[in-house]
Each structure stands twice: as C-alpha cells, then as structure tokens.
Amino acid sequence: MKHALLVNPWVYDFKCHDFWIKPYGLLRIAALLKNNGLKVTLIDCMDRLDPDAPEEFKKSDSYGIGAYYSEEIQKIGAYERVPRKYKRYGLPVDVFHKKLDALNQKPDIIFMTSGMTYTYEGVQLASRILKERYNAPQVLGGIYATLCREHAQRFTAANYIWTGDINNYFLMMVNRAAGVRIDSMEDREFNELVPDYSLYPKLDSVAVKFTKGCPYSCSYCAIKSFCEGYYQRDPQAILKELDTYKERGIKNIAFYDDALLYKNVFIKGILKEAIKRGYGFNFHTPNGLHAAYLDAETARLMKEAGFADVRVSLESSDYAIQKQTGNKVSNEAFRTAVDNLRKAGFEDNDIGVYILAGIPGQTFASVMKDVEYLKKMNLKIKIANYSPIPGTVDFLKIKPEFKAELMREPQMQNELYFMQLNSDYDRVAHLKVKAEIDGHNNTIKDKGNIKP
Ligand code: SF4
C-alpha cells in the first residue's frame, strides 16, 4: 500500500495563537487519499493536543482556544526593523524528528501545506528536513505556495508547487508523482470533500466550511486566487458531517467560510435542523460575517444554534473607503445587523467588529473615527492591520519596483513589517494601547484578508 505523509509545518511570526487553527485543505487531501486506498500519516506541527506536545500548552479555554509552544528565532533581513520577538510556533523540532523516526513505512509521496505568505520559514524548515530523510516527491500547496509560487519554487525543496484548490489536474499530478491511480471526480465531489479529523488522536475543536468562495471582490482580499466562484454545499451532507462531530464529542466548531451568510436562506435551513438535532456545539466565526445578511431571523437562529463570539466585518465606517474597497457593507446594514444580534440575545461583549487600519488612501484620522464609531456602540473592536498581499486588486496597483521587492521577500508582506514603512506606525501602535486602556477589550490581529 502506498504511503502518503502529510505535514502541516510550523508558523514563524511575531504572534500566533490557536484560534481553532486546522489545516483544512490538507485534511481534505487526507480524506481523498484514504478514499483511494493510500495509507495516510499526518504530522501537524500546529497541533497543541498532539500526544508529544509540551503538556503546559495542551490547556484550552472553554472555547477550545490556547497558546502555542514557541521558540524565539533570531531576526534577520526585513524583520530586524520590527520591535517584537520573532518566534517559531508549534511542536518542538525534535518532536518532529521523533515522529519521523517512528514512521514504520517510508513515504512514497509527501504533501505539505503553507499558511500566510510571510510565515514561509516553517515550510522551508519542514521541506529541508524531509528532503534530507526521504527521496519521496514533495507537493507543496496552500496560501504561500499559491500567492508566492516562484519564491516557493526557489526556496523550498518541494518538487511540485500546487496553486489554488484541488481539482482533476491535481489528481493527475498525484497519480504521476506517487505512481497511483486515482480516478477523476466531478466538481461536486471535490466541493463535498470534508477533512479527515480521524487523524487526530485528540481533538477539542474542528474547522468546517459550508460554502466555498465568495461572491464579493474586496480590493484587499486574495480569495479569487483560491476559488473563482461561490458554492453552497449540500445541506444533508453538512448535517451528516456535523453528526460525526457530535458523536466524537466535539464542542467547538469554527467556520472557515468566507461568505457563510450569503443568500441566507441556505444557512437558515441548516441552523433550523441543527437546533432540532440539539447538537449543543459552540459555533465560532473567526472570519467576519456579512452584515447585510444578518437579518432578525438569521440572528435568532444563530443564537439558538449556539453561535458564541460573533465577528462582523465592517472594515471602515467611511463611505468612500467602503466604495473603494468593494462595497460589501454600509453603515446602515451594519447597524441593523448589530440591532438584530442584540435583539436575538447576543451581549455587546459577544459581538466583535473587524476594522482595517492602513488601507491605501486611509488616514489615521479615518481609523480613529472608526474606533470612536464602534465605541459609541459599545462593541468589541478588532483592528486588523493592512498589508499588501499578492493576488489582490490592491497589489496590482503597487509600483512595479516595490511589487518586485514584496515578491522577492514575502516577509515584507507581514503587517508588522509593513507598518514600519508607514509613517503612522507609532500612532497605530498608540491606538492599540489606547483602545486597550479604555477597557474595551480591543485587539489588533492579523488581517485575515486571505483565507486557508
Ligand atoms: S474580504 Fe470577505 S467579502 Fe471581501 S472578497 Fe474577501 S472573503 Fe469576500
């Protein structure tokens, strides 16, 4: 039986916390390979609950969130300017080696995923270690591989760089690389392929997707590089999937959807059935929800079904910026959504609102206005810092010389590095401190402007 080794590598960054992080795409590949008779082994360097992970990092709060084990790494190049500690997050490297030592069959093919473009050092490390040990072909996919293909080709040991979602061309590549024969599939079968969580010995949360893609085209978002269209899955298949999580005793479920509420008849139908089945999950929405589809019934069903800390995307309260970036929200729709959430029983502290700081053309005063706007509404403010990401409309507008630099060194796409180039940097940092002092429990987070 052919053996596939699947690896979710470490994250190198200035901050990383486990908000239900799962290698969703890689786990779908695991399901596909298993369905076709391959033996599959997963090493998830970002699994805090791994039996070999340091004990003190296995603790999660009641929502399944926890801190990662990390080791400080010396900053070089672009990152020397960032006044924060730079770290490798995830399993200690010797644990990774130990897991490879314990494999009772050499891999015939290796699949690796990749996260944000600028965290690629984890991919490089895993790829190098695997190349030193095995001759098996390496296939690298994920966000970094898709958006910085040439960089990944030059600076990792991967034999194949896969961009975007899996499809029949992917299967042809796997067949050739691994010497297997996986039959082609219908688009619908790819869309309904769900992650294989049975590869985790211990699990307290899962990530799900009820939809694929997004019908909007925000100027700062690279989603179209991963999925052109928009697809809603079969509700019966979704409920069957949720049944398995219930059977396994999963409590927390994070939506990785980009447009979960779009044409909300779909989600309403599923939530009604989920309520009937009395799952008792806590649902989380780390990707912001579209305010325009948060009508009274949707909000009520969400509350009843177990949605916990709801995140809503505003990005900016400035009309001109809303227009310029894709028109996905208006202040009116946003206020209505918040009213509906409150009427449904969500407390102010349950409602987090994403705003974006540093959008091209946005002034510091404009960000401050957004903060004041949300403070008046007494909502939790989640400030995300803008950075230029390949595959976005904004990226195309960047001067060619700077664009080339950003592609040559993807670390420059890190929001914390990018802020160094922004004369408003100190003021943005000040804004964070100010917001925290004001006791609104506000945070600055990584901008989730591209999705795994
Ligand atoms: S930011 Fe959100 S709404 Fe806009 S295109 Fe991306 S996924 Fe869609």
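Just follow the structure's listing: the first ligand is 1, and inside any ligand the first atom is 1. Since this is a predicted model, take the numbers as computed values, not measurements.
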Heavy-atom pair with the smallest gap, counting every atom of Asp258 and His290: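 Between these two residues, the closest heavy atoms are O-CE1, 3.3 Å.
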Taking the side chain from Ser205 and the backbone from Trp20, do they hold a donor-acceptor pair closer than 3.5 Å? no
Check whether Asn414 reaches the backbone of Tyr118 with its side chain - one donor and one acceptor, N or O, closer than 3.5 Å.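 Not a single qualifying donor-acceptor pair exists.
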Short list, please: which atoms of ligand 1 are under 4.0 Å from a heavy atom of [X]?
X: Cys218; result: 1 (S), 3 (S), 4 (Fe), 5 (S)
X: Cys214; result: 3 (S), 5 (S), 7 (S), 8 (Fe)
X: His290; result: 3 (S)

Between ligand 1 and Lys224, can you find any atom pair, the residue atom being a heavy atom, that is separated by under 4.0 Å?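 No; Lys224 lies far enough from ligand 1 that no heavy-atom distance drops under 4.0 Å.
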Assess the side chains of Tyr230 and Glu228: does a donor N or O sit below 3.5 Å from an acceptor N or O?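 Not at all, the side chains of Tyr230 and Glu228 share no donor-acceptor pair under 3.5 Å.
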Using a distance threshold of 2.8 Å, state whether an N, O or S atom of Cys221 lies below it from atom 4 (Fe) of ligand 1.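 Checking Cys221: none of its N, O or S atoms is under 2.8 Å.
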Lys276: what forms a salt bridge (Lys or Arg N to Asp or Glu O under 4.0 Å) with it, not counting sequence neighbours? Glu273
